[in-house]
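Written below as structure tokens is the structure these notes are about.
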Amino acid sequence: MRHDFKLEPLPSSFYSQPTLELAEALLGHMLVNVTEAGTSSGIIVETEAYLGESDQAAHSYQKRRTKRTEIMFASPGHAYIYQMHTHHLVNVVSGEAGNPQAILIRAIEPYSGIDLMKQRRPVEKLTNLTNGPGKLTKALGITRADYGRTFFEPPLLITKGIEIKTIARGKRIGIDNSGEAKDYPYRFWVKNNPYVSR
DNA sequence: GTCGAGATTGACT
DNA sequence: GTCAATCTCGACT
């Protein structure tokens with residue numbers, strides 16, 4: 001645990017940029033979760049954009065509004081969290097209110113509270129701690145209870161991180177049954193970073 | 001009320 | 001490579 005670690009959340013205005021640009025801009029910033037057990041965080045190194053209305057792979061395709069997708073219709077900067085099989089996934093809501101877009105955080109590089117994260121999710125190698133969307137939520141202690149929070153107020157935060165110089169872009173993962181949308185290059189990651197999911 | 005599917009992961013053949 | 005875990009919620013009877 002680093003004791004000089006300051007929580008400097010990115011302002012709500014940061015989220016008011018086009019979803020694909022925001023997905024790229026998030027790389028290098030920090031995903032932070034504050035709990036009773038302590039604070040843990042990591043640098044965002046992999047994201048995927050879901051463009052809602054026009055994106056067959058998105059839960060909000062054709063503005064499909066359900067109990068689960070409801071938060072995507074809110075203003076940007078909210079947390080869209082849902083359970084996938086035995087795991088939770090965390091998304092950053094994007095697009096202005098009424099335009100249901102979101103960005104899935106697929107991987108982070110452990111930064112602070114690493115012992116706490118290992119406690120929640122024991123692993124031998126650090127590179128296996130948060131290199132997947134279900135893995136990072138368990139390591140950070142993010143659950144469905146965090147659904148609907150914002151990323152600019154504690155306990156769940158995205159704070160200013162580092163500048164990323166080399167960004168790679170490619171197809172999204174795990175959406176093979178989504179027609180043409182499965183080939184859209186909406187996945188962004190930090191090139192050569194060992195904590196990316198694959 | 002019942003059924004099925006899913007933006008994943010880990011264990012196993 | 002295959003497969004099951006475990007839970008939310010929409011679609012349907």
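Labels below follow one simple rule: chain letters A, B, ... track the order of the sequence lines, proteins then strands, and each chain is numbered from 1. Just so you know, these numbers come straight off a predicted model, no measurement behind them.
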Show the numbers, then the answer: is there a side chain to side chain contact (heavy atoms under 4.5 Å, CB included) between A:Thr166 and A:Asn192? CA-CA 9 Å; A:Thr166 51; A:Asn192 298 324; 5.7 Å; no
Is it true that A:Glu109 and A:Tyr111 share a donor-acceptor pair across their side chains at a distance under 3.5 Å? no
Could you check whether A:Arg144 gets within reach of a base, just the sugar-phosphate, or nothing at all, counting any heavy atom under 4.0 Å? sugar-phosphate
Any sub-3.5 Å donor-acceptor pair from A:Asn128's side-chain atoms to A:Val123's backbone N or O? no
Touch check for A:Asn177, heavy atoms < 4.0 angstrom, all strands: base, sugar-phosphate only, or nothing? sugar-phosphate
Grab the OH-C1' distance between A:Tyr50 and B:dG6 for me, whole Å please. 12 Å
With sugar-phosphate meaning primed atoms plus P, OP1 and OP2, does A:Leu104 contact a base, only sugar-phosphate, or nothing at under 4.0 Å between heavy atoms? base
Distance-only polar pair, side chains of A:Ser40 and A:Arg120, donor-acceptor under 3.5 Å: yes
Please test A:Asn131 against A:Lys125 for side chain to side chain contact (heavy atoms under 4.5 Å, CB included), starting from the C-alpha separation and ending with a verdict. CA-CA 11 Å; A:Asn131 63 331; A:Lys125 293 191 300 182; over 6 Å; no
Quick check on the hydrophobic clustering: are A:Phe73 and A:Val93 connected, directly or via other members, by side-chain heavy-atom contacts under 4.5 Å? no
Please give, in whole Å, the distance from B:dA7 P to A:Tyr147 OH? 15 Å
Please say whether the positively charged group of A:Arg144, taken as NZ for Lys or CZ for Arg, lies over the ring of A:Tyr147, i.e. under 6.0 angstrom from the six-membered ring centre and within 45 degrees of the axis. yes
Starting at NZ of A:Lys135 and ending at P of B:dT9, how long is that distance when rounded to a whole Å? 6 Å
Euclidean distance for C1', B:dA5 against C:dC3 (whole angstrom): 16 Å
Can you tell me the distance, in whole Å, between the CZ atom of A:Arg120 and the P atom of B:dT9? 17 Å
Just to be sure I understand the rule, does A:Thr86 reach a base, reach only the sugar-phosphate, or reach nothing, if contact means heavy atoms closer than 4.0 Å? base
Less than 4.0 angstrom from a charged side-chain N to a carboxylate O is my criterion; do A:Glu48 and A:Arg106 meet it? yes
What is the distance, to the nearest angstrom, from the NE2 atom on A:His85 to the C1' atom on B:dG4? 11 Å
Between A:Leu31 and A:Phe151, does the side chain to side chain contact (heavy atoms under 4.5 Å, CB included) criterion hold? Intermediate values first, please. CA-CA 9 Å; A:Leu31 179 61; A:Phe151 288 104; 3.9 Å; yes
Presence of A:Arg121 side-chain N/O under 4.0 Å of B:dG10 phosphate oxygens OP1/OP2: yes
To the nearest Å, how far apart are A:Asn91 CG and B:dT8 P? 11 Å
Map every base of DNA chain B to its dot-bracket character, where paired means a Watson-Crick or G-U wobble contact with both distances under 3.5 Å and | marks a partner outside the strand. ||||||.|||||.
Take A:Arg65 and A:Met84, find for each the nucleotide of DNA chain C with the closest heavy atom, and name the residue whose nucleotide sits nearer the 5' end. A:Met84
How close or far is atom P of B:dA7 from atom CD of A:Gln56, stated in whole angstroms? 12 Å
Check every nucleotide of DNA chain C for an atom under 4.0 Å from a heavy-atom of chain A, then give the first and the last such nucleotide from 5' to 3'. C:dA5 to C:dA11
Taking 4.0 Å as the cut-off, does a side-chain nitrogen or oxygen of A:Lys138 come that near to OP1 or OP2 on B:dT8? no
Give the rounded distance in Å between these two atoms: CZ of A:Arg106 and C1' of B:dT9. 11 Å
Base, sugar-phosphate alone, or nothing: which one does A:Arg64 contact when heavy atoms must sit under 4.0 Å apart? sugar-phosphate
State plainly whether one hydrophobic cluster holds both A:Tyr82 and A:Ile173, where clusters connect Ile, Leu, Val, Met, Phe, Trp and Tyr through side-chain heavy atoms under 4.5 angstrom apart. no
